[in-house]
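This one's a predicted model, so the numbers in the text were calculated from it and none came from an experiment.
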Amino acid sequence: MINGRIRAAGEVELRRKEQRIEIEAEVPLRELGRGAVDARLINLSSHGFMAETEALLEPGSRVWLTLPGVARANALVVWAKNGRIGGEFAAPIDPLKVFQELGKQAVA
């Protein structure tokens with residue numbers, strides 16, 4: 001038996017609490033109990049992120065992201081597919097601080 005939901009054409013699913021902002025930044029990512037690896041942020045909001053990484057992470061993993069202007073942010077990996085992960089922060093962050101700090105680094 002298949003259990004699913006059919007959506008009308010053009011219907012948008014509103015899963016996120018807020019819109020994510022496109023970003024490109026290299027940040028350290030560390031799974032709890034392991035060493036840091038490189039990750040490239042793809043998008044970011046106060047509640048979550050998407051990133052690319054070569055680390056093999058499973059949904060349910062806890063990770064720390066070191067974000068410019070915010071320091072470390074604890075997150076839960078919600079999904080992982082083809083080298084990308086989606087995560088939800090344990091506590092909201094201020095994405096504007098991240099963008100401001102990245103802007104300062106680009107000017108320096």
Side-chain angles (χ1 to χ4, degrees):
M1 176 156 87
I2 297 173
N3 186 7
R5 180 178 158 220
I6 298 174
R7 232 182 303 162
E11 182 182 340
V12 176
E13 185 177 344
L14 301 174
R15 299 180 316 176
R16 295 188 176 137
K17 296 177 183 174
E18 64 183 294
Q19 185 68 27
R20 294 212 178 148
I21 302 166
E22 301 295 317
I23 186 171
E24 188 168 329
E26 300 292 326
V27 297
L29 178 143
R30 184 176 66 83
E31 184 178 9
L32 297 183
R34 298 185 182 242
V37 297
D38 293 329
R40 186 176 67 85
L41 281 178
I42 296 170
N43 63 41
L44 182 69
S45 75
S46 61
H47 294 282
F49 69 95
M50 179 171 43
E52 287 183 337
T53 181
E54 292 183 9
L56 299 175
L57 297 167
E58 297 290 326
S61 300
R62 281 274 170 202
V63 296
W64 287 98
L65 287 170
T66 303
L67 300 171
V70 176
R72 293 189 320 168
N74 184 322
L76 174 69
V77 175
V78 178
W79 61 267
K81 185 175 181 181
N82 299 328
R84 288 188 172 190
I85 61 170
E88 182 178 352
F89 294 122
I93 64 154
D94 184 349
L96 291 178
K97 287 184 179 179
V98 176
F99 296 121
Q100 289 170 347
E101 190 62 31
L102 286 171
K104 288 178 191 174
Q105 292 175 9
V107 171

Chemist: Under the rule for salt bridge (Lys or Arg N to Asp or Glu O under 4.0 Å), what residues qualify as partners of R84, not counting sequence neighbours?
Modeler: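 Scan of R84 (salt bridge (Lys or Arg N to Asp or Glu O under 4.0 Å), adjacent residues dropped) gives E52.
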Chemist: Grab the two heavy atoms, one from E101 and one from P68, that are nearest each other, plus how far apart they are.
Modeler: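 Between these two residues, the closest heavy atoms are CG-CB, 3.5 Å.
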Chemist: How would you list, by chain and number, every residue that makes a side chain to side chain donor-acceptor pair (under 3.5 Å) with N74, sequence neighbours excluded?
Modeler: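 Checked N74 against side chain to side chain donor-acceptor pair (under 3.5 Å); matches are R62.
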Chemist: For V37, which residues count as a side-chain contact (heavy atoms from CB on, under 4.5 Å) partner, sequence neighbours excluded?
Modeler: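 Partners of V37 under the side-chain contact (heavy atoms from CB on, under 4.5 Å) test: L29, T53, A55.
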Chemist: How is the hydrophobic cluster of W64 composed, in terms of its other members, when Ile, Leu, Val, Met, Phe, Trp and Tyr link through side-chain heavy atoms under 4.5 Å apart, directly or indirectly?
Modeler: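 Result for W64 is L32.
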Chemist: Who passes side-chain contact (heavy atoms from CB on, under 4.5 Å) against D38, sequence neighbours left out?
Modeler: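 Here no residue qualifies.
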Chemist: If a pair satisfies salt bridge (Lys or Arg N to Asp or Glu O under 4.0 Å) and one of its residues is in residues 65-81, list it, with sequence neighbours excluded.
Modeler: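 Counting only pairs at least two positions apart or across chains, no salt bridge (Lys or Arg N to Asp or Glu O under 4.0 Å) contact touches residues 65-81.
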Chemist: Looking only at non-hydrogen atoms, find the nearest pair between P92 and H47 and report the distance.
Modeler: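 For P92 versus H47, the nearest heavy atoms are CG-CE1, 3.8 Å.
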Chemist: Going hydrophobic residue to hydrophobic residue with side-chain gaps under 4.5 angstrom, can you get from I23 over to V70?
Modeler: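 Looking at the clustering, V70 is in the same group as I23.
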Chemist: In the structure I gave you, are the side-chain heavy atoms of F89 and L67 within less than 4.5 Å of one another anywhere?
Modeler: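 They are in contact (side-chain heavy atoms under 4.5 Å apart), so the answer is yes.
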Chemist: State plainly whether one hydrophobic cluster holds both M50 and V78, where clusters connect Ile, Leu, Val, Met, Phe, Trp and Tyr through side-chain heavy atoms under 4.5 angstrom apart.
Modeler: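 In one cluster with M50: V78, yes.
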Chemist: Roughly how far, to the nearest 0.5 Å, is CG of L44 from CG of L96?
Modeler: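 Reported value, rounded in 0.5 Å steps: 9.5 Å.
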Chemist: Excluding sequence neighbours, so at least two apart, what forms side-chain contact (heavy atoms from CB on, under 4.5 Å) with E22?
Modeler: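 Listed in chain order: I42, N43.
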Chemist: Would the number of heavy atoms belonging to other residues, nucleotides or ligands and lying under 6.0 Å from CD of E54 be above 12?
Modeler: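 No, the 6.0 Å shell around CD holds no more than 12 heavy atoms from other groups.
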Chemist: What are the two closest heavy atoms between A80 and P59, and how far apart are they?
Modeler: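 Shortest heavy-atom separation between A80 and P59 comes out as N-CG, 4.1 Å.
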Chemist: At their closest point, which heavy atom of P95 faces which heavy atom of S45, and how far apart are they?
Modeler: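 Residues P95 and S45, closest heavy atoms: CG-C, 4.0 Å.
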